[in-house]
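The structure appears right after this line, and notes come after that.
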2 protein chains.
Amino acid sequence: MSRVAPTLEDVARVAGVSRATVSRVVNGTRNVDPELQETVRNAIEQTGYTPNRVARSLVTRRTGTVALVISGAGGGSDVFSDPFFGRVTAGVVDFLRGHGVHPVLMLADSDHARTEVVEFLRQGSADGALLVSTHPADPLPSRLLEAGVPSVLYARPGRPMPIGYVDMDHRAGGRLAADHLVAAGRYNIATISGPMDVLASQDRHAGFRDAMARHGFPYVPTVEGGFTAESGAAAMHRLLTECPDLDAVFAANDLMAQAAVDVLLEHGLRVPEDVAVVGFDDSAPALACRPQLTTIRQPVERMAAQMADLLLADLEKPGQRPKSVIFEPELVVRASA
Amino acid sequence: MSRVAPTLEDVARVAGVSRATVSRVVNGTRNVDPELQETVRNAIEQTGYTPNRVARSLVTRRTGTVALVISGAGGGSDVFSDPFFGRVTAGVVDFLRGHGVHPVLMLADSDHARTEVVEFLRQGSADGALLVSTHPADPLPSRLLEAGVPSVLYARPGRPMPIGYVDMDHRAGGRLAADHLVAAGRYNIATISGPMDVLASQDRHAGFRDAMARHGFPYVPTVEGGFTAESGAAAMHRLLTECPDLDAVFAANDLMAQAAVDVLLEHGLRVPEDVAVVGFDDSAPALACRPQLTTIRQPVERMAAQMADLLLADLEKPGQRPKSVIFEPELVVRASA
DNA sequence: TTGATGTGTGGGAGCGCTCTTACAACGTTG
DNA sequence: CAACGTTGTAAGAGCGCTCCCACACATCAA
């Protein structure tokens with residue numbers, strides 16, 4: 001039980017060979033007499049040997065772990081109540097496990113926490129960072145860059161910097177929503193945007209407004225939300241008092257869209273008969289909502305996996321130019337619009 | 001940027017002292033001349049030194065990380081769509097970060113993956129394991145125990161073993177639900193249980209049935225669900241055909257309860273006027289549901305934090321008798337019952 | 001004075017591993 | 001038959017750190 005773990009040395013002694021030979025068998029196995037290999041394997045079996053990862057890391061300078069950093073301005077422990085982060089985590093974990101790499105979860109919601117993250121990486125506790133940073137003013141990306149930590153972002157950085165990222169064409173997503181609502185014959189269309197200090201929100205909104213303008217609706221009543229259900233409900237209330245005769249709403253994420261639907265129903269309005277609602281993300285609330293949400297799909301899991309893929313590639317052969325991948329949104333038509 | 005990181009040796013040279021002294025300053029700082037301390041601190045500043053965690057771990061035999069293992073039978077990457085795991089993660093992360101410990105996330109949904117988890121821990125890549133294992137037949141707890149890995153479970157193990165855990169009094173939760181429905185004057189009460197091969201489900205159901213029997217309802221129509229929305233909807237349909245005149249349903253989690261509410265509404269039944277619904281967990285769907293769910297609260301975040309606390313305590317002074325903590329459920333009355 | 005005790009510092013071993021180097025044994029070639 | 005690869009193995013340095021031990025020096029009781 002609490003006996004000390006056998007080392008390479010122990011295995012070597014049992015097998016009657018040198019440490020080096022055992023190491024070769026354990027790893028690449030290049031140029032080792034097959035017979036000896038067998039002997040060594042038996043010795044490993046017999047001693048119950050397991051290589052010590054830490055010792056290996058010390059010399060290889062690789063830990064086999066990456067940091068998955070959630071750098072929300074919002075922060076706090078309630079980030080995980082947003083289905084978004086669960087999806088990111090799922091995508092990352094799912095990809096990494098096939099590559100023998102493990103994610104360590106970190107929250108960077110304060111300056112102190114951010115420093116800790118940078119230190120953690122600089123100390124070599126992880127080989128690189130997967131950064132989910134929503135706020136464009138977040139100093140973390142540039143700090144990681146400075147520290148020379150291999151990193152990939154989810155969402156393009158606030159200002160241009162040589163760092164890879166995955167992102168989605170949020171503008172195209174906004175356009176998709178506008179096109180769908182207009183094509184459905186709606187003409188009193190309002191929108192609940194995401195927080196305007198988030199690039200994704202800006203883009204979704206810009207895309208939506210552009211398309212609306214092109215369709216002949218230069219002005220779109222807009223209320224800014226905060227990506228939460230509460231903010232969505234509040235926004236819907238305001239929209240209802242400001243434009244009582246609206247017949248369609250585009251909400252910048254599903255959480256807000258669902259809340260908006262609830263508010264509309266409470267007001268005795270039918271969805272989609274009286275008011276059509278389009279959400280964004282295609283996450284769990286879109287399906288749980290009654291009626292189910294017509295929404296713009298963001299392939300979060302695939303994007304997260306891609307992000308991990310980019311990081312591993314950078315780790316594999318460092319010094320390449322940072323690569324980025326942009327995903328296309330997709331309209332998912334359900335019942336709400 | 002890609003210059004090699006400074007080591008203790010470098011700092012020592014700059015400060016004109018020995019490696020050992022610098023180490024003392026960096027760590028416990030016991031018995032070092034204040035003046036020298038200052039010199040060393042300056043040297044650290046000047047060199048931009050950061051201790052190498054891996055090297056430290058090699059000698060201390062501590063990594064400062066723990067594994068957070070989700071050992072679902074269900075498994076797959078969709079575990080994170082269940083709000084439960086997000087809450088566990090939030091609770092764990094929130095507690096650990098205050099202690100300089102970082103969780104590495106692992107999924108153990110196959111035998112292969114389980115072996116990998118055990119190896120990972122045996123290799124000393126993490127100091128201990130936080131195991132969220134729902135299936136009582138899960139071999140992981142005993143395998144970790146055998147391997148001598150400090151571990152704490154979420155939920156009591158399938159068969160008794162010397163391992164700490166946190167859990168909730170699920171029977172009491174079931175009773176709370178029954179009491180509430182009976183007190184509300186319902187007398188055609190059915191239930192959608194969780195998967196019966198999960199102890200928590202068994203207990204919730206047993207508690208519910210016991211209380212019902214004590215209230216004079218020895219027979220309770222029951223359909224087994226799978227803790228997912230789909231299974232909840234299917235179960236509600238069956239219940240509706242088997243007992244068309246039911247006036248209350250207790251669902252073993254909120255996800256199923258929400259789905260049940262949807263099905264009831266689709267059938268033209270009013271909630272709670274015609275049918276009262278009680279859920280379990282008090283997670284996000286309980287609030288998103290219309291009407292909002294009356295439910296039994298499981299303090300997942302607190303339980304997860306407690307689990308982490310128990311593990312750290314075990315790591316701190318090993319060899320103590322494993323401790324466990326049981327939490328009490330709480331009835332949360334909202335609109336659905 | 002002498003020993004006992006305590007404090008601050010340096011030297012050096014050693015954690016378990018990988019990887020370079022050296023070397024032995026064996027062909028193969030001109 | 002000397003010169004030269006080729007292949008398989010051992011030896012040993014070294015990754016960056018902690019911690020034990022030795023030692024110099026100061027302090028204090030006997």
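Chain identifiers are assigned alphabetically (A, B, ...) following the order of the sequence lines, protein sequences preceding nucleic acid strands; residue numbering begins at 1 within each chain. Remember, it's a predicted structure, so these values are computed and weren't measured experimentally. No hydrogens, no waters, no symmetry mates; every other heavy atom, side chains included, goes into these values.
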Between C/dC17 (C1') and A/Y49 (OH): distance, integer Å: 7 Å
Could you state the atom-to-atom distance from CD of B/E9 to C1' of D/dC15 in whole Å? 12 Å
Output the rounded distance in Å from CG (A/L58) to C1' (C/dG14). 12 Å
Assign A/V54 to base, sugar-phosphate, or nothing according to its heavy-atom contacts below 4.0 angstrom with the strands shown. nothing
Rounded to whole Å, the CG-C1' distance (B/D10 to D/dG16) equals 10 Å
Evaluate A/T63 against B/V54 for side chain to side chain contact (heavy atoms under 4.5 Å, CB included), listing each step before the verdict. CA-CA 8 Å; A/T63 63; B/V54 176; 4.2 Å; yes
To the nearest angstrom, how far is B/L8 atom CG from C/dG14 atom P? 20 Å
Which one, D/dG14, D/dC19, C/dG10, comes nearest to the side chain of A/V59? D/dG14
Can you tell me the distance, in whole Å, between the CD atom of B/Q123 and the C1' atom of C/dG16? 13 Å
Nearest whole angstrom, please: distance from the P of C/dC17 to the CZ of A/R24. 15 Å
Looking only at the side chain of B/A55 (C-beta and beyond, no hydrogens), which of the listed nucleotides D/dT18, D/dG16, C/dG10 gets closest? D/dG16
Winner on side-chain proximity to B/R19, out of C/dG10, D/dC17, C/dT18, is D/dC17
Give a yes/no on whether any side-chain N or O of A/R61 is located under 4.0 angstrom from OP1 or OP2 of C/dT18. no
Options D/dA10, D/dT18, C/dC17, nucleotide nearest the side-chain atoms of A/R56: C/dC17
Mark yes or no for whether A/S71, through its side chain, and A/V69, through its backbone, hold a donor-acceptor pair below 3.5 Å. no
Under 4.0 Å between a side-chain N or O of B/T7 and OP1 or OP2 of D/dG16? no
What I want to find out is whether A/E146 reaches A/R143 closely enough, with some N-O distance under 4.0 Å, to be called a salt bridge. no
Candidates D/dC17, C/dT9, C/dC17 - which lies nearest the side chain of B/N52: D/dC17
Examine D/dC17: is either OP1 or OP2 under 4.0 Å from a nitrogen or oxygen in the side chain of B/S23? Give yes or no. no
Looking at B/R53 and D/dG16, is any side-chain donor or acceptor paired with a base atom of the opposite kind under 3.5 Å? no
Sidechain-backbone polar pair: B/S57 side chain, B/R62 backbone, donor-acceptor under 3.5 Å: yes
Verify whether one side chain among B/D10 and B/T47 offers a donor that lies under 3.5 Å from an acceptor in the other. no
